[in-house]
Amino acid sequence: MATADVLKPDFATRRKHFIFTDDHEQLRDSIRRFVIKELQPHAEEWEETTFPDWVFERMGELGFLGLDKPIEYGGQGGDYYTTLVLAEELVHAHCGGLGMGIAVQTDMTIPPILKFGSEEQKLEWAVPAIAGKKILCLGITEPDAGSDVAGIKTRAVRDESSGEYVINGSKTFITNGHRAHGIVLVTKTDPDAGYDGFTLLLVPMDSPGVIREKRLQKLGMHASDTALLAFQDVRVPESAVLGQVGKGFYHIMWELQGERLIGAAGSVAGAQQVFDRTLAYAKERTAFGRPIGRFQAIRHKFAEMATKIETARQMVYTTAWRFQNGEYPVREITMAKLYAARIAVEVADECIQIHGGNGYMKEYGIERSWRDLRLNRIGAGSDEIMLEVIGRSYGL
Ligand SMILES: Cc1cc2nc3c(=O)[nH]c(=O)nc-3n(C[C@H](O)[C@H](O)[C@H](O)COP(=O)(O)OP(=O)(O)OC[C@H]3O[C@@H](n4cnc5c(N)ncnc54)[C@H](O)[C@@H]3O)c2cc1C
């Protein structure tokens, strides 16, 4: 056989996925440099204090909060993959709560404003949010209704004399809730209209009657702030309605698709990051006279994990391609979110095992990855709800 016919696999080269161009890879490098230089050094401190607001301003200044947003509103005019790159690279901050707080801005609140908002709302909220000068939060979940979005009780009643909406109710687990300037709020405007009785409102958080009650303590994602909020006779003008009156349920279901897909991307990136760190550990740590990674039992764990991560990644990228190309791939997004969240937790758990006692120690940061990633099976819709959405999509 001629030498030229001998093909050997090259496992070491970095290979870009076909959805990404060289421009995406350059963007990836510049975000990673920023994250490692300006964010990662503070990760330990921010676990205690939550990350500071200047991160929004700095990222706005660098254009990172508007990568896929239209140029006329201060964005970079990139495609959907650019925001995917951001979500992937933010894991290098080693600070899950930071990635989540930023994603609330970039992929959960700005998108519905740009999609459903009036020109005035885009200028008042989306433009400064893209610039990092206003921080936003999203209010769906309530103390008595999370998975069952239609079961929310927060009421917005129209005052016919002034045309204003008067809001009463409460929201819980709200990421960025303590720092936010505005909230995209899901309210019930007509309790008798079923799914047609919901309306989204854009509410300034300094409105009289908005009460930021408790900063909630959590298992993980410590760098993010999570609020319990109350709304007591909060009055907003009619111009605060985001989208159509009565169509808020459908609007928020649209929003959730972007939230789930970016969550899936974050899960895969988080899993990859904890895998990489554990691989390096397994090559260095020795037992019985050899690196632990050389035991077949451990090697197979890596093989299993790598296969799961790669499967989830392909699901995310293929679904992102559909999203970018104008489809509304709800079933595929739901599958990607479910699978990526599950395997991320499995991978983090296995990485603790491979680290042995060190995996249980804070110093190594592996237990933190597990705690942070654990949220992904609950937030943006739990595993059980994802299974419901997928199952029902087959007419069951
Ligand atoms: C750290 C954190 C940050 C968050 N950030 C935000 C935010 O910024 N904004 C926001 O609005 N929300 C936020 N959430 C809320 C999150 O989206 C909800 O926690 C999630 O949707 C689940 O709702 P729940 O907690 O009320 O659980 P429940 O709805 O009470 O569910 C409890 C259990 O019952 C299961 N279950 C419920 N219904 C069904 C069913 N039909 N079939 C089978 N099983 C079912 C669930 O899967 C779950 O296992 C956040 C949550 C956390 C923990």
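Read the numbers this way: they start at 1 and go in the same order the structure lists the ligands and their atoms. What you see below is based on every heavy atom in this structure, not just the backbone, and it leaves out hydrogens, waters and symmetry mates.
The side-chain tip of Arg235 does not point at the ring of Tyr165 from less than 6.0 angstrom away and within 45° of straight on. Seen from the ring of Phe34, Arg58 does not count as a face-on cation partner, given the 6.0 Å and 45° thresholds. Cation-pi geometry between Arg155 and Phe231 is not met at under 6.0 angstrom from the ring centre and within 45 degrees of the axis.
A salt bridge links Arg158 and Glu238; the closest N-O separation between the charged side-chain nitrogens and carboxylate oxygens is under 4.0 Å. Checked for salt-bridge contact, Glu259 and Lys337 miss the test: no charged N lies under 4.0 Å from a carboxylate O. With salt bridges taken as basic N to acidic carboxylate O contacts below 4.0 Å, none links Lys301 and Glu304.
Below 3.5 Å of separation, one finds an N or O of Leu138 facing an N or O of ligand 1. By the 3.5 Å distance cut-off applied to N or O atoms, Thr175 is counted among the residues near ligand 1. Considering backbone and side-chain atoms together, Ser147 places an N or O closer than 3.5 Å to an N or O of ligand 1.
In this structure, atom 34 (O) of ligand 1 has no protein heavy-atom contact shorter than 4.0 Å. Taking a distance limit of 4.0 Å, we find that atom 37 (C) of ligand 1 is approached by some protein heavy atom. Inside a 4.0 Å radius of atom 30 (O) of ligand 1 there is not any protein heavy atom.
Looking only at side-chain heavy atoms (C-beta outward), Lys218 and Ser224 come within less than 4.5 Å of each other. Using a 4.5 Å heavy-atom cutoff, the side chains of Leu261 and Thr319 are in contact. Looking at heavy atoms from C-beta onward, Asn358 lies out of side-chain contact with Glu363 at the 4.5 angstrom threshold.
Taking atom 19 (O) of ligand 1 as the reference point, the nearest protein heavy-atom neighbour is Phe173 CD1, 3.7 Å. For atom 26 (O) of ligand 1, the nearest non-hydrogen atom of the protein is Gly146 CA, 3.1 Å.
Under the 4.0 angstrom criterion for non-hydrogen atoms, Leu375 is in contact with ligand 1.
Within the 4.0 Å heavy-atom criterion, the part of Ala380 lying near ligand 1 is the backbone and not the side chain. Here Lys218 has side-chain heavy atoms under 4.0 Å from ligand 1, and that is the only part of it that gets that close.
Every atom of ligand 1 is numbered from 1 in the order shown, and the set under 4.0 Å from a heavy atom of Ile174 is 7 (C), 8 (O), 9 (N), 10 (C), 11 (O). Every atom of ligand 1 is numbered from 1 in the order shown, and the set under 4.0 Å from a heavy atom of Ile378 is 19 (O), 20 (C), 21 (O). Atoms of ligand 1 found under 4.0 Å from any heavy atom of Ser382, numbered from 1 in the order shown, are 46 (C), 47 (O).
Checking Ile140, Thr141, Ile385 against atom 15 (C) of ligand 1, the nearest heavy atom belongs to Thr141. Nearest-residue assignment for atom 43 (C) of ligand 1 (options Glu259, Glu388, Glu384; heavy-atom criterion): Glu384.
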Pair Lys362, Glu367 - check salt bridge (Lys or Arg N to Asp or Glu O under 4.0 Å), show working. CA-CA 6 Å; Lys362 287 202 165 184; Glu367 56 83 42; 5.4 Å; no
